[in-house]
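Working notes, beginning with the structure itself.
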Amino acid sequence: MFKKVVATVKENSKIAAGIYKMIIACGDADIRHFVPGQFADIAVPGHAELLLRRPISISAVNPDNNTAALIYQIQGKGTDIFSRLTPQTKIDAIMPVGRGFYLTAREKTVFLVGGGVGIAPLLSVTQKWPSKTYEAFLGYKGRDYAYCLDDFENACGKVIVTSDDGTLGEKGFVTDALGRRLIEAKPDIVLACGPVPMLRALKDILSPFGVPAQVSMEQRMCCGFGACATCVCGVDHGEGLEYKKVCIEGPVFDLFEVVL
Amino acid sequence: MFKKVVATVKENSKIAAGIYKMIIACGDADIRHFVPGQFADIAVPGHAELLLRRPISISAVNPDNNTAALIYQIQGKGTDIFSRLTPQTKIDAIMPVGRGFYLTAREKTVFLVGGGVGIAPLLSVTQKWPSKTYEAFLGYKGRDYAYCLDDFENACGKVIVTSDDGTLGEKGFVTDALGRRLIEAKPDIVLACGPVPMLRALKDILSPFGVPAQVSMEQRMCCGFGACATCVCGVDHGEGLEYKKVCIEGPVFDLFEVVL
Amino acid sequence: MAVDMKVTLCGKVLKNPVIAASGTFAFGQQHSWLIDVSRLGGIALKSLTPEKRVGNKPPRIAETASGIVNSVGLQNPGVDVFLEKMMKRVALFDTAIIANIAGRSIDDYVAVIQKLNETSIDFFELNISCPNVRMGGASFGTDEGMARDCVMAAKAVSKKPMIVKLTPAAGDIVRIARAAESAGADALSLINTIPAMAVDAKTKRPILGNVTGGLSGPCIKPVALKMVYDVSRAVSVPVIGIGGIMTGEDAAEFMLCGATAVMAGTANLVDPEAPLRIIDELTAYAKTMNIDNITALTGALEV
Amino acid sequence: MAVDMKVTLCGKVLKNPVIAASGTFAFGQQHSWLIDVSRLGGIALKSLTPEKRVGNKPPRIAETASGIVNSVGLQNPGVDVFLEKMMKRVALFDTAIIANIAGRSIDDYVAVIQKLNETSIDFFELNISCPNVRMGGASFGTDEGMARDCVMAAKAVSKKPMIVKLTPAAGDIVRIARAAESAGADALSLINTIPAMAVDAKTKRPILGNVTGGLSGPCIKPVALKMVYDVSRAVSVPVIGIGGIMTGEDAAEFMLCGATAVMAGTANLVDPEAPLRIIDELTAYAKTMNIDNITALTGALEV
Ligand SMILES: Cc1cc2nc3c(=O)[nH]c(=O)nc-3n(C[C@H](O)[C@H](O)[C@H](O)COP(=O)(O)OP(=O)(O)OC[C@H]3O[C@@H](n4cnc5c(N)ncnc54)[C@H](O)[C@@H]3O)c2cc1C
Ligand SMILES: Cc1cc2nc3c(=O)[nH]c(=O)nc-3n(C[C@H](O)[C@H](O)[C@H](O)COP(=O)(O)OP(=O)(O)OC[C@H]3O[C@@H](n4cnc5c(N)ncnc54)[C@H](O)[C@@H]3O)c2cc1C
Ligand SMILES: Cc1cc2nc3c(=O)[nH]c(=O)nc-3n(C[C@H](O)[C@H](O)[C@H](O)COP(=O)(O)O)c2cc1C
Ligand SMILES: Cc1cc2nc3c(=O)[nH]c(=O)nc-3n(C[C@H](O)[C@H](O)[C@H](O)COP(=O)(O)O)c2cc1C
Ligand code: FES
Ligand code: FES
């Protein structure tokens with residue numbers, strides 16, 4: 001279960017253009033039961049005028065020293081302030097929150113599809129379920145924006161990289177690369193995280209193949225722990241549209257049920 | 001004339017209980033023409049939710065290295081934040097602002113009357129007009145709250161100290177000490193700065209002696225440069241009540257004209 | 001010496017004057033994972049309507065300077081599902097329970113009240129900020145006549161003390177307050193959120209899926225304080241102060257302005273521990289001020 | 001490519017859409033010590049009344065979360081002293097001059113307008129947030145009938161384009177806007193400050209000498225944006241957006257919501273250089289967005 005904790009910044013450094021990695025000591029948080037896809041909901045320190053916490057996926061945990069890694073992109077005020085936090089800064093976080101990715105014994109080959117900063121949370125899937133066969137499809141804006149590539153190379157049987165500008169891997173959309181690969185090999189499941197247009201393309205590409213997929217959704221959040229119902233996304237299980245809370249009923253949803 | 005400048009914190013340290021002294025490099029400010037009683041109006045750095053600048057009297061200037069000294073007491077949020085500013089921090093200040101104390105050749109003996117943090121701005125009077133004869137009447141809460149005593153000892157012919165709790169000098173009100181002294185010696189003018197109750201007592205005590213006095217007033221301010229008319233105090237020159245702007249028409253007023 | 005934090009509201013004793021505001025505490029469950037909900041003076045449940053409501057199109061939240069704009073839109077399971085699945089758990093909290101009631105017509109309000117009359121709920125709170133569909137969508141709470149009719153109808157069927165929650169969108173909130181009082185309100189709570197909007201200049205779009213929403217948080221406190229001050233001097237029923245309460249001192253300010261109790265809303269969402277912190281801070285404030293009975297604060301502003 | 005920042009308001013061309021709001025720029029003099037006032041699109045002078053007003057009892061300002069509450073109370077030298085001593089200096093600024101007019105009765109408004117008709121002032125701005133003494137102190141701007149009568153009387157004598165400044169204290173600001181338009185308003189400006197209050201829990205006293213005041217600053221922006229959005233879609237005269245504009249993006253948000261020009265108020269007081277910074281930031285924003293004519297922003301919100 002998530003808790004409200006006082007975490008401590010241990011490291012915080014740039015790992016790619018506009019992308020940072022922060023290691024935090026997690027205080028009283030229960031990170032032993034961390035599930036990939038879960039996030040930390042972090043108050044912006046020292047800024048009383050910014051009321052909302054910022055949700056950042058936990059990209060890896062290390063229960064041995066009680067730390068977690070967060071990989072984030074500078075997007076606006078909050079993440080800009082995060083990028084300037086120095087070691088020892090105390091941060092107020094609710095973590096780990098959410099229903100993450102879920103693999104059973106039935107899924108043996110897993111394709112991971114990530115775009116941009118959405119690539120980060122996928123890595124821990126390979127740590128949580130090490131005995132699966134993984135292929136990763138990673139889409140970056142360009143060479144300067146790439147991060148964690150070595151980690152995926154180590155953890156996955158195959159890594160296909162694309163970039164918007166062609167400076168890294170194939171030029172083009174990561175979903176197109178996936179589409180070509182699907183003609184050769186069909187996984188048991190696809191786990192994806194990335195911008196909505198990528199998820200839409202993913203849906204189109206997967207549909208004809210009948211491959212199930214789980215996707216991590218983003219939504220503007222207020223409380224981050226289920227109390228306000230501001231963070232919803234549409235879900236349709238076949239009984240009409242319902243709004244589900246991304247914070248505690250997600251962020252991971254069935255690609256074929258969620259409204260994109 | 002005042003300017004909006006980027007000043008730099010040079011030193012910032014506690015000099016008495018709850019009282020701090022900050023030395024700032026004044027950037028483009030014109031401090032050569034500084035008049036005692038003028039203040040700096042300082043934005044609270046890094047706190048977008050606190051819109052108002054905080055006025056702090058300039059207690060001394062050093063045109064040789066372009067610095068000014070500010071002595072301030074922790075009162076609320078803004079001054080608390082000030083007390084934690086570290087050297088090299090840039091601060092946004094409008095300075096030096098206001099009509100300060102004014103002495104002509106006619107005034108030869110000057111009594112300085114200060115209470116609490118109001119003592120600070122009086123010291124520079126002795127620097128600005130070194131050829132006068134000064135006596136200082138300084139009221140502190142107690143020994144732990146005393147500061148600048150040596151400076152006054154050096155600059156004034158006589159220094160009478162009182163404290164609320166009797167831990168320093170005479171126990172009691174500084175104005176009572178002044179009252180006793182007035183029976184022996186009458187100055188040409190009194191310059192005063194301190195809380196309103198002190199100023200009221202001062203008025204009562206001086207009235208029978210017919211000694212003129214200038215006092216520095218405090219008021220909540222918005223702009224600090226004359227544009228909004230929020231910072232007013234009542235003044236009566238004999239033609240009925242008028243509200244004057246403390247920021248640019250003060251903060252120094254005639255004790256017998258200002259409404260206390 | 002310990003401060004007596006109890007306050008009496010319409011004859012019922014609350015442990016302390018700090019209540020969780022409707023829509024910011026759901027039905028208490030999520031907060032119960034993080035704090036001891038029973039320490040609160042009371043909790044106001046999310047607005048209940050006769051039918052299930054799916055709520056507004058997302059995004060539903062925008063951040064503004066010292067505030068938030070939300071457009072949840074009364075998403076709730078409907079009163080029947082509430083009774084069947086949630087009431088039992090709510091009843092376990094050892095604190096005053098306020099059922100907040102919303103509707104599109106007077107019949108809606110009446111229907112919900114009748115279904116909740118026999119439960120252990122302590123108070124009803126009539127959310128009259130809702131648009132009245134019969135009257136072209138103007139909110140019940142902005143029109144004296146509609147407010148009166150709604151409160152009278154609700155009172156006629158209600159078996160519990162009735163708090164009427166006022167909206168700041170009323171041009172003259174004092175008039176609506178008087179109308180509600182004369183129609184039988186046992187207490188008034190104010191303010192609900194202020195109609196507002198947030199825009200993303202970069203995308204040239206409104207941030208909320210619903211375009212507009214309601215502003216809450218510290219930014220609205222000065223507006224709420226004035227309304228509470230004005231209303232509490234105009235009516236004789238107790239007033240519950242709401243709007244931007246984040247600290248014990250904020251709560252004290254509302255009580256000084258005439259509130260018998262307060263509700264914290266946004267604070268609960270921004271910091272789940274806020275309601276308990278507010279109680280502790282209010283207690284500490286009372287001690288500092290040498291107040292041994294918190295009720296002494298109500299209306300004690302020295303003007 | 002340079003952005004064309006000019007906007008046309010009631011047939012007059014402003015250098016850019018950024019105007020200093022009334023009461024936050026006095027008569028321009030203090031700001032002229034610190035910035036080049038002529039770079040502004042226009043300046044709205046402090047409200048003028050027929051007689052001299054000493055204003056409210058101090059303290060007159062309180063700080064609140066991302067806002068300020070002021071109770072200056074229309075302190076001004078009166079229109080005659082203004083004409084005699086200040087008009088000449090005001091006329092030297094190379095920017096549009098807006099005389100803001102206030103009164104306790106319709107006659108007051110008419111009297112001030114008649115005295116200013118023959119000056120080089122470019123626009124009148126009718127501050128109808130003032131209490132009407134004949135009507136028990138309700139503000140002209142909160143009542144459709146009073147607003148209409150006031151605007152009609154003012155228009156009847158005015159020789160200059162008439163901006164009517166609306167108050168958010170109106171229950172339904174769109175109705176007042178329509179009334180002002182039908183009474184002849186050439187443009188509308190909104191919003192004035194929101195009635196509010198600040199309390200010092202430690203002293204148990206209101207902070208303002210006047211007890212209540214008006215809230216302004218970033219905290220009110222979401223409320224102002226909604227009102228500008230609603231009003232600009234309901235009327236066909238140009239709208240000037242006001243409320244918490246601190247940056248060029250804030251200005252852009254108001255234009256997207258339908259404003260032809262904007263006024264910055266609190267920003268000028270908090271940072272004397274703010275109006276120029278806002279112009280620069282708005283220009284930079286337009287460049288980033290590939291807009292070569294700033295007028296293209298007006299009403300361009302994609303809903
Ligand atoms: C479950 C979840 C996991 C996420 N994981 C990551 C991650 O691992 N790395 C990463 O870089 N980003 C992640 N994001 C997105 C991240 O939360 C936003 O980029 C961040 O909140 C932007 O804050 P800001 O203050 O910099 O931007 P601003 O635009 O100034 O933020 C204003 C408000 O909008 C919200 N907001 C803006 N963009 C988003 C967004 N895309 N999603 C949700 N809220 C938003 C902010 O939280 C804030 O409340 C995640 C979002 C969610 C919902
Ligand atoms: C001309 C002038 C000179 C001053 N010189 C000094 C000085 O040399 N040293 C010193 O310690 N203090 C001085 N003060 C008082 C000082 O400005 C306040 O103590 C300070 O603004 C409090 O800010 P805060 O944020 O800590 O308190 P808060 O109570 O959190 O402030 C809230 C608001 O009230 C205003 N405020 C609160 N108290 C006062 C006050 N007494 N006077 C004016 N505004 C107030 C603040 O500026 C702020 O806008 C002076 C005031 C004036 C007007
Ligand atoms: C996310 C959210 C949802 C809300 N939902 C409701 C609601 O369902 N019914 C209601 O009467 N008030 C609702 N409110 C209003 C609050 O109860 C409260 O009146 C308002 O937020 C002002 O208080 P605050 O500034 O402490 O948040 C909601 C507020 C928020 C922020
Ligand atoms: C100190 C102060 C004085 C004001 N005086 C007047 C005034 O005399 N006449 C008027 O029409 N508006 C007056 N206003 C209102 C502003 O013009 C503006 O409408 C309001 O402050 C909202 O804009 P802002 O948030 O940018 O400040 C005043 C505002 C402030 C802060
Ligand atoms: S953010 Fe509050 S319910 Fe999800
Ligand atoms: S503070 Fe604005 S005029 Fe003095």
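Just so it is clear: chains get the letters A, B, ... in the order the sequence lines come, proteins before strands, and each one is counted from 1. The structure presented is a predicted model; accordingly, all values stated were derived computationally and were not measured.
- At a 4.5 Å heavy-atom cutoff, the contact between A/R53 and chain C is made by side-chain atoms alone.
- With a 4.5 angstrom heavy-atom cutoff, A/K3 touches chain C only via backbone atoms.
- Contact of C/S71 with chain A is not made at all, since no heavy-atom distance falls under 4.5 Å.
- Under 3.5 Å, the side chains of C/S47 and C/N127 contain a donor-acceptor pair of N or O atoms.
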Intermediate values then yes/no, side chain to side chain donor-acceptor pair (under 3.5 Å), A/Q75 and A/R54 | CA-CA 11 Å; A/Q75 160 81 13; A/R54 270 55 179 172; over 6 Å; no

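- At a 4.5 Å heavy-atom cutoff, the contact between A/K245 and chain C is made by side-chain atoms alone.
- For C/L34, the part sitting under 4.5 Å from any heavy atom of chain A is the side chain, from C-beta outward, and nothing else.
- Ring geometry, A/F225 versus A/F2: the interplanar angle falls from 30° to 60°, so the pair is classed tilted.
- Residue with the most contacts toward chain A among C/G28, C/G55, C/P59, C/A62: C/P59 (heavy-atom pairs, distance under 4.5 Å).
- Ring centroid separation for the pair C/F82 and C/F27 comes in under the 6.0 Å cut-off.
- In this model, no donor atom of one side chain and acceptor atom of the other lie less than 3.5 Å apart for A/Q73 and A/T79.
- Side-chain atoms of C/T95 and C/S38 include no donor-acceptor pair closer than 3.5 Å.
- Residue A/L241 touches chain C through its backbone alone, counting heavy-atom pairs closer than 4.5 Å.
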Check step by step if side chain to side chain donor-acceptor pair (under 3.5 Å) holds for C/T283 and C/D280.
-> CA-CA 5 Å; C/T283 312; C/D280 294 341; 5.2 Å; no

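- Neither the backbone nor the side chain of C/K46 comes within less than 4.5 Å of any heavy atom in chain A.
- The candidate with the highest count of non-hydrogen atom pairs below 4.5 Å against chain A, out of C/I35, C/N56, C/T24, is C/N56.
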